[in-house]
Amino acid sequence: MIHVQWKQLIGAGLERFRPALWTCLREGYSWKTFAADLVAGLIVAAVALPLAIAFSIAAGLPPQAGMVTAVVAGVAISLFGGCRVQIGGPTGAFIVIIYGVYSQFGATGLLAATVMAGIILVLLGLCGLGSIIKYIPYPVTVGFTSGIALIIFAGQIEALLGLDCTAALAGAKMPGDFVGKLAIYAKSIATVNWAAVAISAITLVICIYWKKVTKRVPGSIVAIVLTTIIALVLKRYGLEVATIGSKFPEVSGGMGFAFPKLDWRQLDIRALFSPAISIALLAGIESLLSAVVADGMIGKRHNSNTELIGQGIANILSPLFGGIPATGAIARTATNIKNGGQTPVAGILHALFLLLVMLFLGRYAALVPMATLGGVVAIVAYNMSEWHLVKSLLKSTRSDVLVMLTSFLLTVFVDLTVAIQAGVLLAAFLFIRRMGESTEARDITRLLVEREEEKRADDLGQPGVVVPPGVEVFEVYGALFFGAADKFKDTLLSHAHKLPRVLILRMRHVLMLDATALHSLEEVFAHTQARGVTLVLSGVTAQPLMLMVRSGFLDRIGQANVHSHVLDALARARELLAAPERK
C-alpha cells in the first residue's frame with residue numbers, strides 16, 4: 001500500500017515537472033529570439049562576473065568557487081527551472097550561511113549541506129509544495145534579509161579599510177559572528193590602509209553613479225578595471241594594497257574546476273541537517289521571489305514546483321564541481337529582462353560566457369584589489385537591505401514590527417536558521433492570537449425580539465422571528481479553532497446564568513471548526529444536557545457539519561436539533577417547549 005502511494009506521489013511530481021525551456025522550445029524558437037538572448041546573456045554575464053567572485057571571497061572561499069557556481073548552477077537552473085527568464089547563481093544572501101557552515105564543518109561539510117538542501121528542494125517540488133514558501137510571513141523575510149545585509153556589510157569593513165587583522169586574530173580564523181568581527185576590526189583600526197580606502201571610495205562612487213552614464217556596461221566592471229589599473233600604478237610608487245592574488249595565490253595560475261570527494265561516513269548528518277534546511281529555505285524563498293518579480297515584468301507565470309526542482313538539481317550539482325549554494329538572483333534576472341532576454345537560453349549563454357572567462361581570463365582576477373570587491377559587495381548589501389521596506393513596516397501593526405525586529409536581531413546576533421524558525425513561530429502565534437480575539441459568541445435573543453417587536457424582517461429577509469420565553473439564541477462569529485475554543489466555551493457558559501429550556505447556537509458565520517473547538521462544543525453540550533437544557537444548532541456550514549458527522553457529535557446531539565436556518569431552529573424550540581419538561 002505504501003509502495004503504491006509513493007509511486008503515485010512520484011508520478012504526480014514528475015507530471016508537475018515542466019521546465020520552462022521545454023515550453024519555450026515547443027512554442028517555437030527563432031534566430032531573432034536567439035539574438036536577443038545572446039545580447040542579454042552577455043550583459044548579464046558582465047554583471048554576474050564580479051559578483052560571483054566577490055560573494056565567494058566574502059564567504060571565506062576562493063574566487064573560483066563563486067565562478068563554478070555561476071557556471072554550473074546557472075546552466076542547471078535555466079535547463080530545469082520553471083521560470084523563463086530566471087538567472088541563477090551565487091547570491092549575497094548565502095554569504096552568512098556559507099561562512100558559518102564552512103567555518104564549523106569545513107569544505108566537506110558545506111558540500112554535504114548543499115547537496116542535502118538540493119535534495120530537500122527537489123522533494124518539495126515533487127510533492128507539489130512550491131507554494132509553501134508563500135506562508136513565510138513578509139515581516140520575517142524583511143527582517144532576516146535586512147539582518148543578512150548588515151552582516152554582509154560588516155564583513156566588508158576589513159577590505160574597505162584595508163585592515164591588517166593578523167595581529168588581532170593571533171593565528172585564529174576571523175569570527176563568523178557579528179560582534180566578534182567588530183571586535184577584531186576595532187583592535188586593528190590602527191592598520192588602516194589609506195590607499196585601499198581611496199580605492200574603496202572610487203569603487204563606491206562608480207557603482208552608484210555609473211548608471212547615469214550608461215546602463216549597458218555594469219558599473220562594477222568599470223570599477224574593477226579602473227581600480228585594478230590604479231592599484232598597479234600605486235604599487236610602482238610603493239603603495240601596496242591587498243589583491244585577490246595576495247589572499248589566494250593559487251588564482252594566479254588561473255581558475256578551474258575542483259571535484260571534491262565526499263565521504264558520508266565521516267559526516268555528522270544530524271548536525272548538518274539544520275544548515276541544509278536554512279540553505280533550502282533561503283534558496284526557495286529567493287528563487288520564487290525572483291520568479292514572481294519576473295512574472296510581473298514579462299506578463300507570464302512561472303511554475304513554482306518546477307522552479308524548486310530546478311533549484312534543487314542546481315544545488316546538488318554545484319558542490320560536486322567545487323561550487324557553493326545557488327538560487328535565482330533578482331537583480332540579474334531583472335537585468336536579463338531589461339536587456340531583451342526572453343527564454344532560458346539567455347541564462348545558459350550567460351553561464352557559458354562566464355565559463356570562457358574562468359578558463360581563459362581567470363588568472364587576471366589575481367590583480368583585482370580586495371578593496372574593490374569590498375566596495376562591490378557593500379553596494380549589494382545596501383541594495384539588499386531595502387531600508388525603505390523596514391521603515392514602512394515600522395509603521396505597521398505592533399505584532400508585525402515585533403516579528404520583523406525579532407527576525408532581524410536573531411539573524412544579526414544569533415543565527416539565520418534560528419531567526420527564520422523563531423520568526424515564523426512568533427508570527428504564527430501572533431496570528432493565532434489575533435484570530436482568537438476576533439472570534440466571539442454573543443447573545444442575540446433580545447436583538448431578534450426587538451426585530452419582531454418593530455415588525456422588521458431578519459437579516460435573511462424572512463419575517464416572523466419570534467423567540468418564545470425559555471429560549472436563548474447565541475450567535476458565533478469567526479473561526480472556531482483551538483485558539484478561540486476556550487473563549488467560546490467560557491463566554492457561552494458565563495452568559496447562561498439562568499439556563500433556558502432551549503439554547504440555540506447560530507453558527508452561520510463559522511466557516512471552520514477544528515478538533516479542539518469541537519471538544520469545547522461537546523463540553524457545552526454535556527453541560528446543558530446535564531441541566532435538562534436542549535442544545536439546538538442553526539446555520540451550520542459545510543466544514544463544521546462534516547466534522548460533526550465524522551466525529552459522531554451529530555448523532556449525539558440528534559439530527560432533529562440541527563437546522564439550516566434560525567426559523568427552523570425556533571420552530572424546533574417550540575416543539576421542545578410544548579413537550580413535558582424533563583426532571
Side-chain angles (χ1 to χ4, degrees), residues 6-30 33-34 36-37 40-41 44 72-89 91 93 117-136 138 141 279-318 325-338 340-351:
W6 270 108
K7 286 181 65 176
Q8 291 175 346
L9 182 63
I10 293 173
L14 291 175
E15 288 180 4
R16 298 187 188 99
F17 182 49
R18 298 175 183 175
L21 178 62
W22 299 357
T23 304
C24 293
L25 294 179
R26 282 201 307 267
E27 291 174 353
Y29 192 79
S30 64
T33 306
F34 176 77
D37 285 340
V44 173
V72 176
V75 170
I77 289 171
S78 295
L79 277 176
F80 304 111
C83 179
R84 292 169 177 257
V85 289
Q86 183 85 281
I87 300 296
T91 64
I119 294 171
I120 292 170
L121 287 168
V122 170
L123 292 176
L124 288 175
L126 288 175
C127 293
L129 299 176
S131 61
I132 197 172
I133 305 298
K134 70 182 180 184
Y135 294 110
I136 295 180
Y138 179 64
T141 305
I279 293 172
L281 278 176
L282 202 54
I285 292 170
E286 193 163 359
S287 64
L288 293 180
L289 283 176
S290 178
V292 169
V293 171
D295 287 349
M297 296 178 71
I298 66 175
K300 303 281 186 180
R301 287 183 64 84
H302 72 282
N303 185 318
S304 58
N305 293 314
T306 300
E307 183 63 24
L308 287 186
I309 294 172
Q311 296 291 334
I313 294 172
N315 280 284
I316 291 171
L317 294 177
S318 175
T327 185
I330 297 176
R332 275 161 272 173
T333 298
T335 301
N336 180 39
I337 297 170
K338 291 176 182 178
Q342 299 178 31
T343 74
V345 173
I348 296 172
L349 291 172
H350 122 275

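Only heavy atoms go into these numbers, but all of them, side chains included; no hydrogens, no water, no symmetry mates.
- Evaluation of the salt bridge (Lys or Arg N to Asp or Glu O under 4.0 Å) test over residues 20-29, restricted to residues two or more places apart or in two chains, returns Glu27-Arg84.
- In this structure, CG on Leu21 lies 15.5 Å from CZ on Arg18, to the nearest 0.5 angstrom.
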| request: Go through the steps to decide whether Val293 and Leu289 satisfy the test side chain to side chain contact (heavy atoms under 4.5 Å, CB included), and finish with yes or no. | output: CA-CA 6 Å; Val293 171; Leu289 283 176; 5.6 Å; no
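- The distance from atom CH2 of Trp22 to atom OG1 of Thr306, rounded to the nearest 0.5 Å, is 9.0 Å.
- Pairing each heavy atom of Ile77 with each of Gly88, the nearest pair is CD1-CA, 3.6 Å.
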Enumerate, atom names and distances included, each donor-acceptor pair closer than 3.5 Å involving a side-chain atom of residues 342-349, sequence neighbours excluded.
{"from": "Thr343", "atom 1": "OG1", "to": "Asp37", "atom 2": "OD2", "distance (Å)": "2.6"}
{"from": "Thr343", "atom 1": "OG1", "to": "Val345", "atom 2": "N", "distance (Å)": "3.2"}

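- The side-chain hydrogen bond (donor to acceptor under 3.5 Å, both in side chains) test with Glu286 is passed by exactly one of Thr141, Thr327, Thr91: Thr91.
- Distance CG/Leu121 to CG/Leu281: 8.5 Å, rounded to 0.5 Å.
- Donor-acceptor pairing under 3.5 Å is lacking for the side chains of Ser287 and Ser290.
- Panel note: side chain Asp295, backbone His302; a donor-acceptor pair is recorded below 3.5 Å.
- Between the CD atom in Gln86 and the CD1 atom in Ile330 there is a gap of 8.5 Å [rounded to 0.5 Å].
- For the pair Ala40 and Asn336, the tightest heavy-atom approach, listed with the atom from each and the gap, is CB-OD1, 3.3 Å.
- The closest donor-acceptor contact from the side chain of Asn315 to the backbone of Gln311 lies under 3.5 Å.
- In terms of heavy-atom proximity, Thr33 sits nearest to Ser30 at OG1-OG, 3.0 Å.
- When all heavy atoms are compared, the tightest approach of Ala36 to Gly340 is CB-O, 3.5 Å.
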Under the side chain to side chain contact (heavy atoms under 4.5 Å, CB included) criterion, do Thr333 and Met297 qualify, and how do the steps go?
CA-CA 10 Å; Thr333 298; Met297 296 178 71; over 6 Å; no
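- Atom CG of Asn305 is separated from atom CG of Leu126 by 8.5 Å, given to the nearest 0.5 angstrom.
- A pairwise comparison of heavy atoms in Ala351 and Gly74 identifies CB-C, 4.3 Å as the closest pair.
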>> The test is side chain to side chain contact (heavy atoms under 4.5 Å, CB included); show your working for Leu308 and Leu288 and say whether it passes.
In response: CA-CA 8 Å; Leu308 287 186; Leu288 293 180; 4.1 Å; yes
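- Closest of all the heavy-atom pairs between Ser318 and Ala73 is CB-CB, 4.4 Å.
- Note: Ile87 CD1 to Ile337 CD1 = 9.0 Å, rounded to the nearest 0.5 Å.
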